[in-house]
Amino acid sequence: MKNVLITGGAGFIGSNFVRYLLAAEPEVRLVNLDALTYAGSLENLRGLPDDSRHTFVRGDICDAALVERLLREHEIDAIVHFAAESHVDRSILGPAPFVQTNVVGTFTLLEAARQAWGGKFEGRRFHHVSTDEVFGSLGPDDPPFCETTPYDPRSPYSASKAASDHLVRAYFHTYGLPVTLTNCSNNYGPYQFPEKLIPLMILNALEGKPLPVYGDGRQIRDWLYVEDHCEAIRLVLRRGRVGETYNIGGGNQPYNLDIVRQICALLDEFHPAGASHARLITHVPDRPGHDRRYAMDTRKIQDELGWRPRHNLTSGLRATVEWYLGHPEWVQAIRQQNDYQTWLQKNYSKREDFAP
Ligand code: NAD
Ligand code: TYD
């Protein structure tokens, strides 16, 4: 599998994966298909080769003719599918693009692969990148999600990802398409768009803006440093069993409020501002349908493929805060080229929309 189509490779995890795979596999040739929505940016690909090893194509995964042409022209033998609308808050405010990209887009890719590969599936692979959010919300004493936990998505985002997962499995069972899936917990690290919790808090704190914590801040996520996710995806792509799903997670359970406090402490160390940044923590109305707790049982990928996260939350958060502090030009460019300011305004008015 030398010629790999990456979808969504100008987004957060996709761009990290492109860097990771190019470094890990000198022989690989990547075609990076991304629509460059608000969440995607060529800034995330700065410094990467734009040659036969990495060809960027701006386009929509819902464009069946384009996708099929790319698969044939570049003799693609593996697809790693990241492209998605990925932010729960946006899915609450406007679910339509989530159904379009996550459901119709995934269907379009599956169908294009089935057509272009014409039933010759030997040595080919369709890898689908999904989320732990499809499993729903855990109570405080529930065991972590495993690969056989029944789906119970509760936001338009997670419902659209669940639908796409089902389509991917249906193409395996019905047509024999050689698929693998990974369901991963919350990622953080370099190049994450600053609408998500960790970069939003870092950048707001640096500007002395409020740090909006939803509800009581005692929701729990299982955080994973993005490079560890990239390593897990590569292992599944290369050595995972066809038709199988692998859960990926960081094995930690902090409250959101603890994460925000840790970010404040790191900024107090790296970027002292007189008083602690923690003074900016502000509780705001909760997200509707807010999942309380996620946790992942990762024994399958550990036992079968020997994967383990290399970063813990302390080292990963430190590296992330340092990265954002060290890349002001990236922050500036992202803010200028995307609708970031519009988003921030919406983000604040949204809190009233969220209120009962
Ligand atoms: P992101 O929002 O940062 O990036 C998504 C990318 O997809 C962007 O570059 C965007 O331009 C592109 N895109 C969107 N619609 C497209 C379309 N119709 N055609 C082509 N490109 C399109 O997302 P992310 O956080 O990097 O997530 C990547 C994948 O990983 C998603 O499938 C997401 O569900 C999954 N995932 C994310 C997390 C997380 O914590 N971020 C955790 C688990 C799984
Ligand atoms: P987020 O990064 O949006 O990821 P997800 O909703 O996919 O888990 O949010 C992570 C957690 O942080 C989630 O419980 C919601 C919470 N959160 C806040 O408290 N304030 C914020 O401003 C944001 C963006 C998220």
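Everything quoted here is computed from the prediction, not taken from an experiment. In what follows, every heavy atom counts, from backbone to side chain, and hydrogens, waters and symmetry copies are set aside. Both ligands and their constituent atoms are indexed starting at 1 by order of listing.
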Open item on the list: Holding to salt bridge (Lys or Arg N to Asp or Glu O under 4.0 Å), I want the full list of residues that pass it with Arg239, two or more places apart in sequence or in another chain.
Closed with: none
Task: Nitrogen or oxygen atoms of Met201 and ligand 2 under 3.5 Å apart - done: no
Open item on the list: Quick check on contacts: which atoms of ligand 2 are under 4.0 angstrom from a heavy atom of Val88?
Closed with: 6 (O), 7 (O)
Open item on the list: Give the atom numbers and elements of ligand 2 that come within less than 4.0 Å of a heavy atom of Leu200.
Closed with: 22 (O)
Open item on the list: Could you tell me if Asn183 and Asp165 have a donor-acceptor pair between their side chains, going purely by distance under 3.5 Å?
Closed with: yes
Task: Enumerated ligand 2 atoms positioned under 4.0 Å from heavy atoms of His290 - done: 13 (C), 14 (O), 15 (C)
- [ ] Assess the side chains of Asn44 and Trp330: does a donor N or O sit below 3.5 Å from an acceptor N or O?
- [x] yes
Task: Non-hydrogen side-chain atoms of His54 and Leu45 separated by less than 4.5 Å - done: yes
Open item on the list: So if I count the atoms of ligand 2 from 1 in the order they appear, which ones are less than 4.0 Å from some heavy atom of His87?
Closed with: 3 (O)
Task: Numbered atoms of ligand 2 (with element) below 4.0 Å of Glu195, judged on heavy atoms - done: 24 (C)
Open item on the list: If we count only N and O atoms by modelled type, under 3.5 Å, do the side chains of Glu43 and Tyr191 hold a donor and an acceptor together?
Closed with: no
Task: Residue part near ligand 2, for Arg287, under 4.0 Å between non-hydrogen atoms - done: side chain
Task: Intermediate values then yes/no, salt bridge (charged side-chain N to carboxylate O under 4.0 Å, His left out), Glu111 and Arg114 - done: CA-CA 5 Å; Glu111 191 53 22; Arg114 186 165 83 91; 3.1 Å; yes
Task: Atoms of ligand 2 close to Glu133 [distance to a heavy atom under 4.0 angstrom, numbered from 1] - done: 5 (P), 7 (O), 8 (O)
Output block, N or O contacts of ligand 1, threshold 3.5 Å exclusive:
| residue | atom | partner | partner atom | Å |
| --- | --- | --- | --- | --- |
| ligand 1 | 2 (O) | Ser86 | OG | 2.7 |
| ligand 1 | 3 (O) | Phe12 | N | 3.1 |
| ligand 1 | 9 (O) | Gly11 | N | 3.0 |
| ligand 1 | 9 (O) | Asp34 | OD1 | 3.2 |
| ligand 1 | 9 (O) | Asp34 | OD2 | 2.6 |
| ligand 1 | 11 (O) | Asp34 | OD1 | 2.6 |
| ligand 1 | 11 (O) | Leu36 | N | 3.4 |
| ligand 1 | 11 (O) | Thr37 | N | 3.0 |
| ligand 1 | 11 (O) | Thr37 | OG1 | 3.1 |
| ligand 1 | 18 (N) | Asp60 | OD1 | 2.9 |
| ligand 1 | 18 (N) | Thr101 | OG1 | 3.0 |
| ligand 1 | 19 (N) | Ile61 | N | 3.0 |
| ligand 1 | 21 (N) | Ala35 | N | 3.0 |
| ligand 1 | 23 (O) | Ser86 | OG | 3.2 |
| ligand 1 | 26 (O) | Phe12 | N | 3.3 |
| ligand 1 | 26 (O) | Ile13 | N | 2.7 |
| ligand 1 | 32 (O) | Phe82 | O | 2.8 |
| ligand 1 | 32 (O) | Lys161 | NZ | 2.7 |
| ligand 1 | 34 (O) | Tyr157 | OH | 2.7 |
| ligand 1 | 34 (O) | Lys161 | NZ | 3.1 |
| ligand 1 | 40 (O) | Asn187 | N | 2.8 |

Task: Under 4.0 Å to a heavy atom of Pro212 - the qualifying atoms of ligand 2, by number - done: 18 (C), 19 (O), 20 (N), 21 (C), 22 (O)
Open item on the list: When you compare the side chains of Arg221 and Tyr188, does any donor N or O come within less than 3.5 Å of an acceptor on the partner?
Closed with: no
Open item on the list: Distance alone, cut at 3.5 Å: any donor-acceptor contact between the side chains of Thr245 and Arg169?
Closed with: yes
TODO: Check each heavy atom of Leu197 against ligand 2 and say whether those closer than 4.0 Å belong to the side chain, the backbone, both or neither.
DONE: both
TODO: Give me the ring orientation class for His327 and Trp323: parallel if the planes are under 30° apart, tilted from 30 to 60°, perpendicular past 60°.
DONE: parallel
Open item on the list: Given Tyr294, Tyr188, Tyr214, Trp223, identify the one with the heavy atom nearest to atom 25 (C) of ligand 2.
Closed with: Tyr214
TODO: For the pair Tyr151 and His166, name the ring-plane relationship: parallel under 30°, tilted 30 to 60°, perpendicular over 60°.
DONE: tilted
Open item on the list: Pairs of nitrogen or oxygen atoms closer than 3.5 Å, one from Asp89 and one from ligand 2: do any exist?
Closed with: no
Task: Donor on one side chain, acceptor on other, Tyr294 and Glu133, under 3.5 Å - done: yes
Open item on the list: Under 3.5 Å, is there a donor on one side chain and an acceptor on the other for Asn3 and His74?
Closed with: no
Task: Side-chain H-bond candidate by donor/acceptor type, Asp268 with Ser276, under 3.5 Å - done: yes
TODO: Using a 4.0 Å heavy-atom cut-off, say whether Asn186 meets ligand 2 through its side chain, its backbone, both or neither.
DONE: side chain
- [ ] For Lys196, counting its heavy atoms only, list the atoms of ligand 2 lying under 4.0 Å from any of them.
- [x] 2 (O)
TODO: Record the part of Ile198 in heavy-atom contact with ligand 2 below 4.0 Å; permitted values are side chain, backbone, both and neither.
DONE: neither
